[in-house]
Amino acid sequence: MSFLLRRSITGTTRFLSASRYVSTTSPNTYYISHCLLLSQNQIPTFPSNLSFMREISTFSSSKDKKQQDGELSMGGKVSWVDVYLPRQVRPYAHLARIDKQIGTWLLAWPTMWSITLAAAPGNLPDYKMIGLFALGSLLVRSIACTINDILDRDIDAKVDRTKRRPLASGVLKPSQGVLFLGFQLFLGLGILLQLNNYSRVLGVLSMFLVFTYPLMKRFTYWPQAYLGFTFSWGALLGWSAVKGSLDPAIVLPLYASGIFWTLVYDTIYAHQDKEDDLKVGVKSTALLFGDSTKEWISGFGIACIGGLALSGFNADLGWPFYAFLAAGSGQLAWQIWTVNLSCPADCSRKFVSNKWFGAIVFSGVLLGRLWS
């Protein structure tokens, strides 16, 4: 980018040669450069045509169009959904959060732990069940997101992180969200029917938790605990899908550990929105604990590890389980000790890192079962 500035002998006349610059530089840069010149009492010469104005108009209308189509509905960032999916499908894909799969991982891990615990000593877990519950976790999580966005659309519109969601931004109508939810539930029924009768009953009961969770933040400071009951349900369902019944000595400590784990990661997550939550009037453990958050989630982390250890002991897992559990304890401690609760970006990073905690525990359960 270069400018040729000429001064007359008297120093009163200045010229700017910028024809090449106009043809190769973006409209925004061109505009800023001219503003800088004017601030220095220099007189820029504009191109004879107004093509750059058309470019600005095109850029603005393109952004508006993307917002209308749901491309910028999730935090204003373009994802693979916006690049590869048909335009009409994109808002629904954002509604189901199919491009943000951390929630699926967090829902799936307690289920995978349970299925692996239910395997016979020295054997790998049932591949069919692993695949079925992986698909089920993806679907149930998308159902939960749709329900959440339908019920919370007015609240989401007031929170900076969520105001671009399809229902909150008006890209989708509530009626469209309800129809999409019906389609998701129909698909979920297809998966549920693959399970034994005992597990079908447990699966139906879990839907009560899924449908009522979004309402909890209106009534209690413990919605994170309720989410724990919801997301950890797979600890019960995975075992029953393999065994056809429940073993309380194994599945109840596992279920409790999942609840405490959820209290750790979702309290960290809730610190991202604590200022907006105060304005809107919704509740969370982040607001309840305040400056004592790290002490509280440290206790939850200890309880989580204790529950996992008890479940593994009652299931007669081999020593590799305890080695990996120690590694998982370190990962959980790292999250709690290093998270900056005043930095939303760091809270998000620590929250996402919980998929690795789940993977570490799963690896321990798998090797511990093979070793037993």
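All values below were derived from every heavy atom in this structure, side-chain atoms included, with hydrogens, water molecules and symmetry-related copies excluded.
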Taking everything shown except Y221 itself, do over 12 heavy atoms lie less than 6.0 Å from its OH? no

Below 4.5 Å, heavy atoms only, C-beta onward: do Y198 and L202 meet side chain to side chain? yes

Under 4.5 Å between side-chain heavy atoms, hopping through other hydrophobics if needed: is there a path connecting V264 to F289? yes

Atom of L192, atom of R200 and distance for their closest heavy-atom approach: O-CG, 3.5 Å

Distance-only, no hydrogens or angles: does the S329 side chain make a donor-acceptor pair with backbone N or O of L325 under 3.5 Å? yes

Evaluation steps, side chain to side chain donor-acceptor pair (under 3.5 Å), between T162 and R165: CA-CA 6 Å; T162 59; R165 289 176 176 174; 5.0 Å; no

Nearest heavy-atom pair of F357 and C304: which atoms, and what distance? CZ-SG, 4.0 Å

Contact check, side chains of V178 and T146, non-hydrogen atoms, under 4.5 Å: no

Starting from the C-alpha separation in whole Å, work towards a yes-or-no answer on side chain to side chain contact (heavy atoms under 4.5 Å, CB included) for V365 and V361. CA-CA 6 Å; V365 175; V361 174; 4.3 Å; yes

Look at the side chain of N196 and the backbone N and O of S199, then say whether any donor-acceptor pair between them is shorter than 3.5 Å. yes

Go through it in stages, so that I can follow the logic: the residues are D276 and K163, the test is salt bridge (Lys or Arg N to Asp or Glu O under 4.0 Å), and I'd like the CA-CA distance, side-chain angles, deciding distance and then a yes or no. CA-CA 11 Å; D276 286 325; K163 64 185 180 182; over 6 Å; no

Without swapping roles, check the side chain of R218 against the backbone of P214 for a donor-acceptor pair under 3.5 Å. yes

Could you tell me whether the side chain of V81 reaches within less than 4.5 Å of the side chain of H94, counting heavy atoms only? yes

Can you check whether G258's main-chain N or O pairs, donor with acceptor, with S232's side chain at less than 3.5 Å? yes

State whether the side chain of D82 and the backbone N or O of S79 hold a donor-acceptor pair below 3.5 Å, judged by distance alone. yes

Looking at every heavy atom in both N340 and C347, which two are closest together, and how far apart are they? O-SG, 3.6 Å

Does the pair R97 and S142 meet the rule for a side chain to side chain contact (heavy atoms under 4.5 Å, CB included), with working shown? CA-CA 6 Å; R97 315 275 206 283; S142 72; over 6 Å; no

Just by distance, no angles: are the side chains of T104 and Q101 close enough, under 3.5 Å, to form a donor-acceptor pair? yes

Inspect the surroundings of CH2 in W80 and state if more than 12 heavy atoms from other residues, nucleotides or ligands are less than 6.0 Å away. yes

Below 4.5 Å, heavy atoms only, C-beta onward: do K274 and S284 meet side chain to side chain? no

Between Q224 and T262, do the side chains contain an N or O donor and an N or O acceptor separated by less than 3.5 Å? no

Flag, side chain of K294 to backbone of W337, donor-acceptor distance under 3.5 Å: yes

Could you give me the CA-CA distance, side-chain angles and deciding distance for D99 and R90, then say whether salt bridge (Lys or Arg N to Asp or Glu O under 4.0 Å) is met? CA-CA 10 Å; D99 58 336; R90 294 172 195 171; over 6 Å; no

SB check R161 D273 (cutoff 4.0 Å): yes

Min side-chain heavy-atom separation I268-Q335 under 4.5 Å: yes

Whether over 12 other heavy atoms sit under 6.0 Å from K158 NZ: no

Looking only at heavy atoms, the pair that brings H271 and G290 closest together is CE1-O, 4.2 Å

Can you tell me if W222 has over 12 outside heavy atoms packed within less than 6.0 Å of its CH2? yes

Check W261, W239, F321, F324 against W113 for a ring-ring contact (aromatic ring centres under 6.0 Å, His included) and give me the one that passes. W261

With a 4.5 Å limit on heavy-atom distance, are the side chains of L236 and L246 in contact? yes

Could you walk me through whether L237 and T111 satisfy the side chain to side chain contact (heavy atoms under 4.5 Å, CB included) test, starting with their C-alpha distance in whole Å, then the side-chain angles of each, then the deciding distance to 0.1 Å, before giving a yes or no? CA-CA 7 Å; L237 194 55; T111 303; 6.0 Å; no

In terms of heavy-atom contacts, I102 and V352 come closest through CD1-O, 3.5 Å

Taking Q331 for the side chain and W356 for the main chain, is one N or O donor matched with an acceptor at less than 3.5 Å? no

Under 3.5 Å donor-acceptor, Q176 side chain and K173 backbone: yes

dist I130:CD1 -> I115:CD1 (nearest 0.5 Å) comes out at 4.5 Å

Hey, are D160 and K279 close enough for a salt bridge, meaning a charged N less than 4.0 Å from a carboxylate O? no

pair I150-P174: side-chain heavy atoms closer than 4.5 Å: no

Any side-chain to backbone donor/acceptor pair from T116 onto M112? Under 3.5 Å, distance only. yes

Taking all heavy atoms of G318 and all of S372, pick out the closest pair and write down the distance. N-CB, 4.1 Å

Evaluation steps, side chain to side chain contact (heavy atoms under 4.5 Å, CB included), between L317 and L117: CA-CA 8 Å; L317 295 182; L117 279 169; 3.6 Å; yes

Tell me yes or no: between the side chains of N354 and W109, is some donor less than 3.5 Å from an acceptor? no

Given the ring of W334, does K350 sit roughly above its face, with NZ or CZ under 6.0 Å from the centre of the six-membered ring and within 45° of the axis? yes

When Y226 is tested against each of T212, T220, D266 for side chain to side chain donor-acceptor pair (under 3.5 Å), which residue passes? T212

Tell me whether the NZ or CZ atom of K217 lies within the 45° cone about the ring axis of Y213 and under 6.0 Å from its centre. yes

Cationic N near anionic O, under 4.0 Å, D156 to R153: no

Classify the ring geometry of W319 against W371: parallel below 30°, tilted from 30° to 60°, perpendicular beyond 60°. perpendicular

For F229 and Y255, take the angle between the two ring planes, folded into 0 to 90°, and tell me which bin it lands in: parallel under 30, tilted 30 to 60, perpendicular over 60. perpendicular

Student check: side-chain heavy atoms of L95 and C145 closer than 4.5 Å: no

Are the side chain of R369 and the backbone N or O of A315 linked by a donor-acceptor pair below 3.5 Å? yes

